[in-house]
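Here the structure is laid out as structure tokens; the discussion comes afterwards.
Throughout, residue positions are numbered sequentially from 1 according to the sequence presented.
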Amino acid sequence: MAGERHRIITIANQKGGVGKTTTAINLATALAAIGERVLIIDLDPQGNASTGLGIDRRNRKLSSYDLMVGDRGISEVTLETAVPNLFIVPSTMDLLGIEMEIAQQSDRVFKLRKALSTPEAMAFSYILLDCPPSFNLLTMNAMAAAHSVLVPLQCEFFALEGLSQLLETVSQVRRTVNPRLDIQGIVLTMFDARNNLAQQVVNDVRTHLGEKVYHTLIPRNVRVSEAPSYGKPAILYDLKCAGSQAYLQLASEVIQRERQRLAA
């Protein structure tokens, strides 16, 4: 795989409950389904991405914690999932202590970047970094390591307020530690067509951010909500449901943007 086709995308929003992990899991599954070799790195101590891909806690002998403290390489901490071409570096509660452990180290912001600058990491066409719902040292590491940020945004009243904070954070990271970082796109989640407010949020976000906003809207969908309890991505749990179809469309848009970037 040519290095230019190797992409690291941080999926981040400091607000919880916006569909961040759901987006990470299902976007990764959709990319894997079309033949891309994809790795999710679960950076949230809650480990929802790991659980949502059916990785039992007892099988998480090594985790993203081991990758970041420098003890283990990508090949040692990566597990296969039930989805062909999709792999995961799982999370454990050890991540809760990582901030204290590396806070005094001069390269504390670059731990993940260093871990992902190996031939083993470069063998993946996409690496998706699922961040915790806060701006902490884990999220900072993810942004320092990534080429771009994908922002899931819930269609609700305070969406734009939280988004402006996140965009400022991205600008700050670009100025200080990662000049290459850009916004891959903003994906609107939990959209309910029956709700006038949701449509207003969509219009406002598109007005403010234009082409940065994906055309795909991720709907509120019971089947998508059910899937993690079965340890499956929605696309595996119910391919035909509206949520799964939306994530397939989103994957198509992500790839289209990457093609445009390469052609530019």
Side-chain angles (χ1 to χ4, degrees), residues 3-4 6-16 18-25 27-28 31 38-49 63-65 67-70 74 77 88-89 91 95-96 98-103 105-118 121-122 124-154 159 161-187 189 209 212-214 254 257-258 261:
E4 64 181 6
H6 164 76
R7 296 293 283 172
I8 303 172
I9 301 174
T10 290
I11 300 180
N13 191 325
Q14 70 271 37
K15 190 174 185 301
V18 297
K20 181 176 53 61
T21 297
T22 301
T23 296
I25 289 172
L27 175 59
L31 290 168
V38 185
L39 175 67
I40 290 182
I41 299 182
D42 190 347
L43 293 173
D44 189 343
Q46 296 178 78
N48 290 339
S63 69
S64 50
Y65 169 86
L67 184 68
M68 287 185 63
V69 296
I74 278 281
V77 298
I88 186 166
V89 176
S91 159
L95 281 176
L96 288 170
I98 200 165
E99 200 143 343
M100 193 176 296
E101 187 155 343
I102 66 174
Q105 299 178 21
S106 58
D107 64 343
R108 60 189 174 277
V109 174
F110 301 106
K111 294 290 187 181
L112 192 57
R113 181 191 289 186
K114 183 180 177 184
L116 297 182
S117 60
T118 63
M122 295 285 284
F124 293 96
S125 42
Y126 288 94
I127 297 179
L128 304 185
L129 309 176
D130 186 33
C131 294
S134 60
F135 187 68
N136 57 18
L137 194 50
L138 287 166
T139 306
M140 190 70 157
N141 262 269
M143 289 192 179
H147 298 102
S148 59
V149 181
L150 188 152
V151 184
L153 195 69
Q154 188 176 354
E161 185 179 288
L163 181 61
S164 63
Q165 293 171 349
L166 184 63
L167 295 180
E168 176 52 39
T169 297
V170 171
S171 296
Q172 185 181 347
V173 170
R174 191 186 295 126
R175 288 193 303 268
T176 55
V177 298
N178 186 2
R180 71 183 178 182
L181 188 68
D182 67 7
I183 301 290
Q184 161 72 33
I186 292 149
V187 57
T189 62
L209 293 154
K212 285 292 183 188
V213 186
Y214 292 106
V254 168
R257 289 192 181 196
E258 287 302 317
R261 180 188 62 81

In Å, rounded to the nearest 0.5 Å, how long is the span from [atom1] of [X] to [atom2] of [Y]?
X	Y	atom1	atom2	value
L95	S64	CG	OG	4.0 Å
L116	K111	CG	NZ	13.5 Å
D44	D42	CG	CG	6.0 Å
K114	M68	NZ	CE	12.5 Å

Is there side-chain contact between [X] and [Y], with heavy atoms separated by less than 4.5 Å?
X	Y	result
P152	I11	yes
S91	L43	no
T169	M143	yes
T189	L153	no
Y126	L27	no

Practice item. Using the test salt bridge (Lys or Arg N to Asp or Glu O under 4.0 Å), find all partners of R175 that sit at least two apart in sequence or belong to another chain. Key: E168
Exercise for review: Using salt bridge (Lys or Arg N to Asp or Glu O under 4.0 Å) as the criterion, list what pairs up with D182, not counting sequence neighbours.
Suggested key: none
Check your understanding: Where the side chain of R108 meets the backbone of I102, is there a donor-acceptor pair that is under 3.5 Å apart?
Key -> no
Point to revise | Donor-acceptor under 3.5 Å (N141 side chain, L137 main chain) | key: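 At least one qualifying donor-acceptor pair exists.
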Kindly write out the residues that satisfy side chain to side chain donor-acceptor pair (under 3.5 Å) with [X], not counting sequence neighbours, or none if the list is empty.
X	answer
S134	N136
K15	E156
E101	Y65
Q154	none

Residues in side-chain contact (heavy atoms from CB on, under 4.5 Å) with [X], at least two apart?
X	result
N48	T21, Q46
Y214	L150, Q184, V187, L250, E253, V254, R257
T22	N26, V224, Y247
A28	V38, I40, L86, L128

Review point. Tell me the salt bridge (Lys or Arg N to Asp or Glu O under 4.0 Å) pairs involving residues 138-148, sequence neighbours left out?
Key: none
Point to revise | Pairs where residues 128-153 contributes a residue and the test salt bridge (Lys or Arg N to Asp or Glu O under 4.0 Å) is met, not counting sequence neighbours | key: K20-D130
